[in-house]
Amino acid sequence: MKLNTIKKAAKITAFLFITFLTACVTDDPVIDDPTGEDPPGNDPPTENTKVSAKLKASRLTGPAPLAVQFDAIGTTHDDSDLDTFRELGYHFSFDDPTSGTWKHSGKSKNSQVGGPISAHVFEKPGTYTVRVRAQDSAGNFDDKSVVITVTDPDTVYSGENTVVISKTTNTSGSPSGAQLLTNQTSWPQWESGKRYLLMAGQDFSSFGDIRIYENENIQVGKIGSGADPIVKQVNVDRGTATSNWSKGVVILDLNAERVTVPNSSEDVYVIRGSNGGISIGSSVKHWVVDKGNEDLIWPENIFIYESRGVGAWVLSRGLNILGVEMSDPREHNIRTAYLVKAFIAHNLLYRAARTKHNIKIHAEGIARNENERLVKNSLSSATRWVVVANNTMGNGEPQPNGWAMTVCPENGNKQQGVQDVIVENNNFASQYNIQVILGGIRLTERGNTSIGEYKLKLSNSVHQLPAEWDGPYFTDAEQVIPDSPGL
């Protein structure tokens, strides 16, 4: 048996202080997985009985591009004192060798090593056996797998289930039997179970917003090899609250003024293209608190993948921000006000506004009910289970903001708890006064690098939070690097 390698993070400079940092002050305004634990896979024999890996997938099947979050949070160890979230190493393998490399980190898209949450976008039809290895520092490990079936969109949306939209008579490259809408001056009625392809190189902004409302399994993308079609805002379930929220919405290769998913939509993917900003979950609290709609859930399984934009503001369960480039926002590059199970990785984030952050993570409150989907039962919930990995913050130039990342209450007057967060293997490519600020429970920092002195700050008194919400902190932490599962 080949033992694991233990990677020691670079030496950091840590500053403990009594008064919580002004860097956390701003003037800003567990997914219950339907697939269950351990979906059927082709599991290799376990190496031992000390580690028992668990693997969940947010989806098991769907048309390409299919985005899936994976987590091994339920993994257990014979040593009950061992924290399996941070003290085990996890190696995810996606069985997708042609998926390429991440533009901003240079790492392979076909695997992820580090914390127990990961994600992948399957862009080609096929059957994929996704595996994870959970391993302890002594080399004990266990592998689990799950089979993901990605169907062909040309088959799923065959014939008139594909609609080609053109402002001219040009519909070149249209699939056989597709419905062709030529010389269009307005949007058609958006329907569930259909794929809408906009002709590349055309400007559709005069058509007004794309409004996806109570739709399921719908794709809106482009056809042709030219520039991404230009549209105004893309709104998913924006407006009056309903009991039939959209599911399975894919927005890909569009140049949008803005993308908003303000309510209880599920499985929404924003893939490639560009946007002037993305807002997720911004109206949910309003409908519950002000309008009394008690059956709303938080947005779930949201993907922002390889897009270009300025910033994202998010409340979500199952958030994934992967491979994006965000710069020059009005405030933060990424701000999350409530998260359960999130993976933020392989992104390039720079030039956040002065006194703002490249990544800001806080919460709604300190209630520990991360398994509650209903908003009304989790309006005061803590953020939990987040992995921030392999991001580049800064672009080598001087940044207007003095610090890069905060994981803590948004200011000294809020009771906002953040727990079980791993910040690992990020590269701070510009000079910052402080790279990372941590304030919460079981927050881990490891393997981060900087072009200058790397500075980490911790809170010794998180203002309005009860004392038990201040630490422990695990800095300069060891990383267990497992071999690839199946070896």
_Partner of Val270 under side chain to side chain contact (heavy atoms under 4.5 Å, CB included), chosen from Leu254, Val259, Val249, Leu252_ = Val259
*Under the criterion side chain to side chain contact (heavy atoms under 4.5 Å, CB included), which of Thr162, Val163, Asn217 is the partner of Lys194?*
Val163
Rounded to the nearest 0.5 Å, how far apart are [atom1] of [X] and [atom2] of [Y]?
X: Ile271; Y: Gln219; atom1: CD1; atom2: CD; result: 8.0 Å
X: Trp187; Y: Ile165; atom1: CH2; atom2: CD1; result: 5.5 Å
X: Asn235; Y: Lys232; atom1: CG; atom2: NZ; result: 10.5 Å
X: Leu197; Y: Thr171; atom1: CG; atom2: OG1; result: 11.0 Å
X: Phe204; Y: Leu198; atom1: CZ; atom2: CG; result: 4.5 Å
X: Gln184; Y: Thr168; atom1: CD; atom2: OG1; result: 11.0 Å

*I would like to know whether Asn263 and Trp245 meet side-chain hydrogen bond (donor to acceptor under 3.5 Å, both in side chains); could you show each step before the answer?*
CA-CA 8 Å; Asn263 294 303; Trp245 302 102; over 6 Å; no
_Please determine whether side-chain contact (heavy atoms from CB on, under 4.5 Å) holds for the pair Asn427 and Met393, giving the CA-CA distance in whole Å, both sets of side-chain angles, and the decisive distance to 0.1 Å._
CA-CA 6 Å; Asn427 177 34; Met393 283 170 255; over 6 Å; no
_Lys107 atom NZ: more than 12 heavy-atom contacts under 6.0 Å_ = no
*asked:* Is it the case that atom NZ in Lys376 sees more than 12 heavy atoms from other parts of the structure closer than 6.0 Å?
replied: yes
*Begin from the C-alpha positions of Leu60 and Val146 and carry the test side-chain contact (heavy atoms from CB on, under 4.5 Å) through to its verdict.*
CA-CA 8 Å; Leu60 294 178; Val146 57; 3.5 Å; yes
Can you see whether [X] engages [Y] through a side-chain donor-acceptor pair at a distance of less than 3.5 angstrom?
X: Asp483; Y: Gln135; answer: no
X: Asn390; Y: Gln112; answer: yes
X: Ser99; Y: Asn110; answer: no
X: Gln419; Y: Arg442; answer: yes
X: Arg211; Y: Gln233; answer: no
X: Asn255; Y: Ser274; answer: yes
X: Thr444; Y: Arg86; answer: no
X: Asp96; Y: His120; answer: yes
X: Arg317; Y: Tyr338; answer: yes

Are any non-hydrogen side-chain atoms of [X] and [Y] less than 4.5 angstrom apart?
X: Met199; Y: Ile223; result: yes
X: Lys124; Y: Thr98; result: yes
X: Arg195; Y: Pro153; result: yes
X: His357; Y: Asn333; result: no
X: Tyr196; Y: Trp190; result: yes
X: Trp298; Y: Ser378; result: yes
X: Thr127; Y: Val147; result: yes
X: Arg330; Y: Val310; result: no

Is the backbone of [Y] close enough, under 3.5 Å, to the side chain of [X] for a donor and an acceptor to pair up by distance?
X: Ser279; Y: Thr260; result: no
X: Ser111; Y: Phe92; result: no
X: Asn369; Y: Ser381; result: no
X: Thr383; Y: His362; result: yes

*Go through the steps to decide whether Asp228 and Lys222 satisfy the test salt bridge (charged side-chain N to carboxylate O under 4.0 Å, His left out), and finish with yes or no.*
CA-CA 7 Å; Asp228 292 343; Lys222 81 169 181 178; 3.0 Å; yes
*Kindly indicate, with the supporting measurements, whether the criterion salt bridge (charged side-chain N to carboxylate O under 4.0 Å, His left out) is fulfilled by Glu424 and Arg446.*
CA-CA 5 Å; Glu424 61 185 3; Arg446 59 196 184 193; 2.8 Å; yes
*Please lay out, stage by stage, how Asp143 and Arg131 fare under the test salt bridge (charged side-chain N to carboxylate O under 4.0 Å, His left out).*
CA-CA 7 Å; Asp143 293 353; Arg131 294 181 170 89; over 6 Å; no
*For Ser484, enumerate each residue passing the side-chain contact (heavy atoms from CB on, under 4.5 Å) test, keeping only those at least two apart in sequence or located in another chain.*
His91, Ser93, Leu487
_Axial cation check for Trp102 ring with Lys109, 6.0 Å and 45° limits_ = yes
Which atom pair, heavy atoms only, marks the closest approach of [X] to [Y]?
X: Val480; Y: Asp136; value: CG1-O, 3.7 Å
X: Asp237; Y: Tyr213; value: OD1-CA, 3.4 Å
X: Asn244; Y: Glu214; value: O-CG, 3.1 Å
X: Val388; Y: Asn426; value: O-ND2, 3.2 Å

*Listed by chain and number, what are the ring pair (Phe, Tyr, Trp, His ring centres under 6.0 Å) partners of Tyr350, not counting sequence neighbours?*
none
*For the rings on His346 and His104, is their centre-to-centre separation under 6.0 Å?*
no
*Does the ring center of Phe122 lie less than 6.0 Å from the ring center of Tyr128?*
yes
*Please report the C-alpha distance between Asn358 and His332 in whole Å, then the side-chain angles of each, then the deciding distance to 0.1 Å, and finally whether the side-chain hydrogen bond (donor to acceptor under 3.5 Å, both in side chains) criterion is met.*
CA-CA 6 Å; Asn358 298 129; His332 311 279; over 6 Å; no
*Stepwise side-chain contact (heavy atoms from CB on, under 4.5 Å) test for Asn275 and Glu257*: CA-CA 5 Å; Asn275 58 79; Glu257 182 180 289; over 6 Å; no
_Run the salt bridge (charged side-chain N to carboxylate O under 4.0 Å, His left out) test on Arg373 and Glu266 for me, step by step, so that the C-alpha distance in whole Å, both residues' side-chain angles and the decisive distance to 0.1 Å come before the verdict._
CA-CA 12 Å; Arg373 298 175 73 211; Glu266 302 177 56; 3.6 Å; yes
*asked:* Set out, in order, the CA-CA distance, both residues' side-chain angles and the distance that settles side-chain contact (heavy atoms from CB on, under 4.5 Å) for Phe343 and Phe70, then state yes or no.
replied: CA-CA 9 Å; Phe343 185 57; Phe70 300 94; over 6 Å; no
